[in-house]
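Below is one structure, written out as structure tokens; the observations come after it.
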Amino acid sequence: MADQKSPIGVIDSGVGGLTTLAQLSTLLPGESIIYCGDNHNAPYGNRSGEEIVELTKKMLAYLAERDVKMVAVACNTISSTFDTPGLAGYQDEYGFPVLSIVRAAAEDIVSLRYTRVGVIATAFTIASGCYGKLINELDPKIEVFGEPSEKLAALIEQGDLHSPAIDAEVGKHVTNLMSAHPDVKDIVLGCTHYPIVEGIFKSKAPHVAFLNPAQSQARAVRVQLSDAGLLYHGQHSAVGTLEINTSGDKPVYDTVISELGITRDWTLNQIDFSAPR
Ligand code: DGL
């Protein structure tokens, strides 16, 4: 039975969820975290909904064995399946809350009174219309404009964060969105990988505010843990443990953890989430 000392699970298709991990580490330093990144099967964003659900269930089943008290789904693409007819519902089967990053970001966008918002995200997230749907359920007047990228998450997964290819891909999508909707001043980085290269986005449109949904999600995790009486109340000096489980390789984690300024100690296990345990 999970309790206050139990870890929080964080899942992503790859290294992108480290952006949520960075925010959680700042907001809830005492909480222990088990991270799962399915780098071997990334990018998820060009896959079918059925494939994404099948892969996601394997990470959730693994975390159920690890007795987590909550799972933050850092991946926008996975979170979009929760609100896609025919796919939704599976996230409620695990006995712990499974939190959508898209829902957390949508709630913030509404409460912060945005009016016209761009979303750059994976092909699946944009095709699902999930951002628009969740935002407009709360406020039908907010206009949401999507711009899909089939390549950017995969380029970031390669770990060369200052490559000309990333620069060109970011430039292309910011230009596409801004030329179609020149009065948009707020753009959601609607894929967890994108805030890793937030500086490149800013360089392409310095007058635009780029929103990082990982901040919304970390706050949502805090609220939900508190409401459930599951916030960790340990010693003030204690920093939680961080375990990274990945179907990929270590070097890209070294690179991104350093880029995001995550300072807590961590261990890494290479794991095939599909293997029988
Ligand atoms: N990081 C994921 C997201 O937030 C998707 C990247 C991928 O395509 O695997 O959407």
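These values consider heavy atoms only, across backbone and side chains, with no hydrogens, waters or symmetry-generated copies. Whatever order the structure lists ligands and atoms in, that order sets their numbers, starting from 1. Predicted, not measured: the structure shown is a model, and the values here were computed from it.
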Among protein heavy atoms, which sits nearest to atom 2 (C) of ligand 1, and what does the distance come to when rounded to 0.1 Å?
-> C75 SG, 3.2 Å
Nearest protein heavy atom to atom 5 (C) of ligand 1, by residue and atom, and its distance?
-> T77 OG1, 3.4 Å
Inspect the contact between [Y] and [X] and indicate whether a charged nitrogen and a carboxylate oxygen are less than 4.0 angstrom apart.
{"X": "R219", "Y": "D108", "value": "yes"}
{"X": "K58", "Y": "D38", "value": "no"}
{"X": "D167", "Y": "K204", "value": "yes"}
{"X": "E31", "Y": "K69", "value": "yes"}

Using a 4.0 Å cut-off to any heavy atom of [X], which atoms of ligand 1 qualify?
{"X": "P43", "value": "7 (C), 8 (O), 9 (O)"}
{"X": "S13", "value": "1 (N), 2 (C), 5 (C), 6 (C), 7 (C), 9 (O)"}
{"X": "G45", "value": "7 (C), 8 (O), 9 (O)"}

G14 heavy atom under 4.0 Å from ligand 1 = no
So is G16 in contact with ligand 1, going by heavy-atom distances below 4.0 Å?
-> no
For ligand 1, is there an N or O atom under 3.5 Å from any N or O atom of T122?
-> no
Please indicate whether any nitrogen or oxygen in T192 is less than 3.5 Å from any nitrogen or oxygen in ligand 1.
-> yes
Show the numbers, then the answer: is there a salt bridge (charged side-chain N to carboxylate O under 4.0 Å, His left out) between E137 and K133?
-> CA-CA 6 Å; E137 274 173 13; K133 191 160 71 183; over 6 Å; no
Of V102, V144, I135, the residue whose pairing with V119 passes side chain to side chain contact (heavy atoms under 4.5 Å, CB included) = V144
Examine the proximity of ligand 1 to D12 and report which part, side chain or backbone, both or neither, has a heavy atom under 4.0 Å away.
-> side chain
